[in-house]
Amino acid sequence: MELTLGEFARRARERLDPPVWDFLEGGAGEERTLAANTAAFERIRLRPSVLRGAGRPETGVELLGRTWDAPVAVAPVAFHTLAHPEGELATVRGIGAAAKVPVVVSTFAGRTFEELAAGTAVPLWLQVYCLRDRALTRHLIERAERAGFEALVLTVDTPRLGRRLRDLRNDFRLPPGVTPANLEGNGFSSPSAHSRAAFDPDLDWSVVDWLRSVSALPILLKGILTGADARRAAEAGVDGIVVSNHGGRQLDGVPGTLDVLPEVAAAVGGRVPILLDGGVRRGRDVLAALALGADAVLVGRPVLHGLAAGGADGVRDVFTVLLDELTDAMAQTGLRTLADVGPELVGQAPVRRSTPVRELRLTDLHASVADPGMDTMNFLNEVTARYPDAVSFAPGRPYAGYFDTEQIFGYVRRYLDHLAERGHSPDQVREAVFQYGPAAGLIRELIADSLRVDEDIEVPPESIVVTVGCQEAMFLTVRALISGPDDVLLVASPCYVGITGAAKLLDAEVVAVEEDDDGLSCDALEAAVEAVLARGKRPRAVYVVPDHSNPSGVTMPLEARRALLDLAGRLGLLVLEDSPYRRVSPGPQIPSLKALDRTRQVIHLGSYAKTVFPGARVGFVVADQPVLAPDGGTGLLAAELAKIKSMITVNTSPLSQAAVAGALLESGGRVSEFATETSAYYGEAMRRTLECLEHEFPAGLRARLGVSWNAPGGGFFLTLRVPFPADNAALTRSAQDFGVIWTPMSYFYPQGGGRTTIRLSTSYLTHADIEKGVARLRGFVESEAGLGRGADRRK
């Protein structure tokens, strides 16, 4: 017996062909918006009010002249017949058995309007795609109105169907017999191709008046995501608004619907009802939406899950679970009726002021803050905090067992003694650690010495800028190199999110270059550069992690490094090298790109987070490229980066620099020797993880599951391919039901990819944790793959 909507989804997936599941479940692009819809609800926390004497809650609500049993309706989804032969007919019967709430019937329904109206007593609304053939659109509306439909829901975010990568990869076609029952003709087998041919791409606000001219039914607009469009809709006289991003299936990269709901509600000001769809998976989600300004919600995919799992009975059971959860959430939060729901349910009650204060709107802020990609790590942290007993392969942080608090004081003292030995007076020593210090840093000479003895990198100290972690080094470099909208940064894909995040903050265009088994492919890079040039743009630099990379664990061979440097020289392209895992990996390492660089093509980004300790937050950038000034003078790029830094963090903490400097002095600049013990630990952790994977996924099971992984020779990360979408929803199921956490690789693909791959970090776990975690991971993978052996393996 299914007790959550997630369990219905798992049953549905077992019963549907994979391409059909992908069509129903997938989103546009890399599915960041699809994930953002559910992630927005995951962030909400309800605030119960106790001793309210609420009794048994009443879930009824009145909207558009009808009393509903609950503020939940069925969202329009095309072709229910993909999930069950009876299609929408089973859906309306199942809903009718559970509750009296509206069902929004798609233009592309698999059953006729007339048989649906005859098969149920629940309110039916028609979802309208305005077609190029307005006569056909009018005919559909008139048929629905004659059949007794009670409202029109015009979808306004679909000039054509979004670019849905799952369907493109599957070359999805509707199976034989699955057609839109209310449309005549042919050409429906490819939904995306039909949309390009049939949908009207020139719709404007006059369509509202046109609908008024052909029908007296109430009109709701579905696809509103901004306060400005919501105001315009209310002013146009519509009867309701549906806040929707089409279930993440249209434009990837727009925000989750719950995130924009408060803005839309404020703009509407109660003039028309607001409905919300996208991400509702629990009864408490309904309360969250109502608290933030919705009058009701729409549920789409879970209805299809119930339909696939059990026909009309499955749909009934889905709504029964959802309404039971809603009733329970109301009782637990002290709500007698839905009229009692207010903003205080999800946050502090609004402060009353004598004078109005203008609220900030998300749309008034920089676009990067609304980008779902910027919230991925927050979501990961929230999952980790919510399931503290889970084994987490997510954080790429150092193992803490070798940290000794007293070492910090010894390092600082060692550096202060060093300054005194160099002839600094007591006043000068005090000045060094208590004052700001130069923007470029205090310890550049020590870093240059360390690079020489440890990495065979010969650069002058003035070519180095000491930064607040490597993240600031990335930010400074991208800011300096990307001077305008025609400049492009290329990155290896998959890619560390720090560099792409910095680019987003700086409005820098990023072009992804796919990795192969040897890391960044020179052929792919050259093709990408040619494509950038063909668009009239200027490729400025390419970012790579050549050693045991984050996230894939791939290491570039020596020949590939030399080929990259040769290609960069021919193309006039700078190379941004980021290699934080070299000195914490066992065994000899391949020379860095900077050590091989003879033409100053490489900007080297460094960090002491993995070798000394991350809390110091000390990184650096080696930028020895000459910069020619307009007056003919020549300086170093490092000096220009220091100017930018002086306007951001001013300087890197002198106390942190002192601690790192002391560690460098203690080791004679040989960070590799300083990290000998930790390198051995990380190597053993990686080895043990690979052994556990071999044990839990023997060859026969791997073949049945379609599971595979790589075997890095060092670093913190490896990647595991799985036979299902490894998205945020799967991650939540893994943490909740199996007690194991990992990172979706899709986070690391700037332009889409990694949908069925996960990243495992091995760095900070004990061997016992690794063994336990991989065993749990097997249970989760078997469950998702539908082998029937995925019992909870937490032991």
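Side chains are part of it too, since the values below use all heavy atoms of this structure and drop only hydrogens, waters and symmetry mates.
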Interatomic distance, NE2@His604 vs CD1@Ile464, rounded to 0.5 Å, equals 9.5 Å
Would you check if Leu567 and Val529 make a side-chain contact, meaning some heavy-atom pair closer than 4.5 Å? no
Sequence neighbours excluded, the answer for side chain to side chain donor-acceptor pair (under 3.5 Å) partners of Asp516 is none
Steps toward side-chain contact (heavy atoms from CB on, under 4.5 Å) verdict (Val466, Leu442): CA-CA 8 Å; Val466 186; Leu442 291 169; over 6 Å; no
Could you note down all residue pairs passing salt bridge (Lys or Arg N to Asp or Glu O under 4.0 Å) where residues 416-428 supplies at least one of them, sequence neighbours left out? Arg413-Asp417, Arg422-Glu445, Asp427-Arg430
Results of side-chain contact (heavy atoms from CB on, under 4.5 Å) for Glu530 - residues two or more places apart only: Glu526
Out of curiosity, Leu525 CG to Glu514 CD, how far, rounded to the nearest 0.5 Å? 12.5 Å
Using the test ring-ring contact (aromatic ring centres under 6.0 Å, His included), find all partners of Phe393 that sit at least two apart in sequence or belong to another chain. none
Can we say Arg535 and Glu509 salt-bridge, meaning some charged N sits less than 4.0 Å from an Asp/Glu carboxylate O? yes
Can you list everything that forms a ring-ring contact (aromatic ring centres under 6.0 Å, His included) with Tyr581? Sequence neighbours excluded, please. Phe716, Phe717
side-chain contact (heavy atoms from CB on, under 4.5 Å) with Glu515: which residues, sequence neighbours excluded? Ala492, Pro494, Ser549, Ser552, Val554
Indicate every side-chain donor-acceptor pair of residues 614-632 with a distance under 3.5 Å to a residue at least two apart or in another chain.
from	atom 1	to	atom 2	distance (Å)
Asp624	OD1	Lys594	NZ	2.7
Asp624	OD2	Lys594	NZ	3.3
Gln625	NE2	Arg600	O	3.1
Gln625	NE2	Val602	O	2.9
Asp631	OD1	Gly633	N	2.9

In plain terms, say whether Glu771 and Arg688 are close enough for a salt bridge, that is, a side-chain N and a carboxylate O under 4.0 Å apart. yes
Using the rule given for salt bridge (Lys or Arg N to Asp or Glu O under 4.0 Å), can you reason through Asp547 versus Arg561, listing the C-alpha separation, both sets of side-chain angles and the distance that settles it, and then say yes or no? CA-CA 11 Å; Asp547 300 286; Arg561 297 176 191 227; 2.6 Å; yes
Are Leu419 and Val433 close enough, and set up right, to give a side-chain contact (heavy atoms from CB on, under 4.5 Å), and what steps lead you there? CA-CA 11 Å; Leu419 293 180; Val433 292; 5.6 Å; no
Hits for ring-ring contact (aromatic ring centres under 6.0 Å, His included) against Tyr399, two or more places apart or cross-chain, chain-then-number order -> Tyr402, Tyr681
Which residue pairs pass the side chain to side chain donor-acceptor pair (under 3.5 Å) test when at least one of the two sits in residues 638-649, sequence neighbours left out? Glu472-Lys645, Glu472-Thr649, Glu640-Lys643, Lys645-Thr649, Lys645-Thr652
Rounded at 0.5 Å granularity, tell me how far CZ in Arg540 sits from CG in Leu573. 9.0 Å
Do Val497 and Phe748 come within less than 4.5 Å of each other through their side chains, counting heavy atoms only? yes
Qualifying residues under side-chain contact (heavy atoms from CB on, under 4.5 Å), relative to Asp517, sequence neighbours excluded: none
Which pair of non-hydrogen atoms, one from Ser734 and one from Val740, has the smallest distance, and what is that distance? OG-O, 2.7 Å
Go through the steps to decide whether Trp742 and Leu731 satisfy the test side-chain contact (heavy atoms from CB on, under 4.5 Å), and finish with yes or no. CA-CA 7 Å; Trp742 36 266; Leu731 172 57; 3.8 Å; yes
Check the side chains of His767 and Glu691 for a donor-acceptor pair under 3.5 angstrom, ignoring hydrogens and angles. no
Residue pairs fulfilling side chain to side chain donor-acceptor pair (under 3.5 Å) with at least one residue in residues 478-492, sequence neighbours excluded: Ser483-Asp487, Ser483-Arg538, Asp487-Arg538
By side-chain contact (heavy atoms from CB on, under 4.5 Å) - contacts of Glu406 (at least two apart): Asp404, Phe409
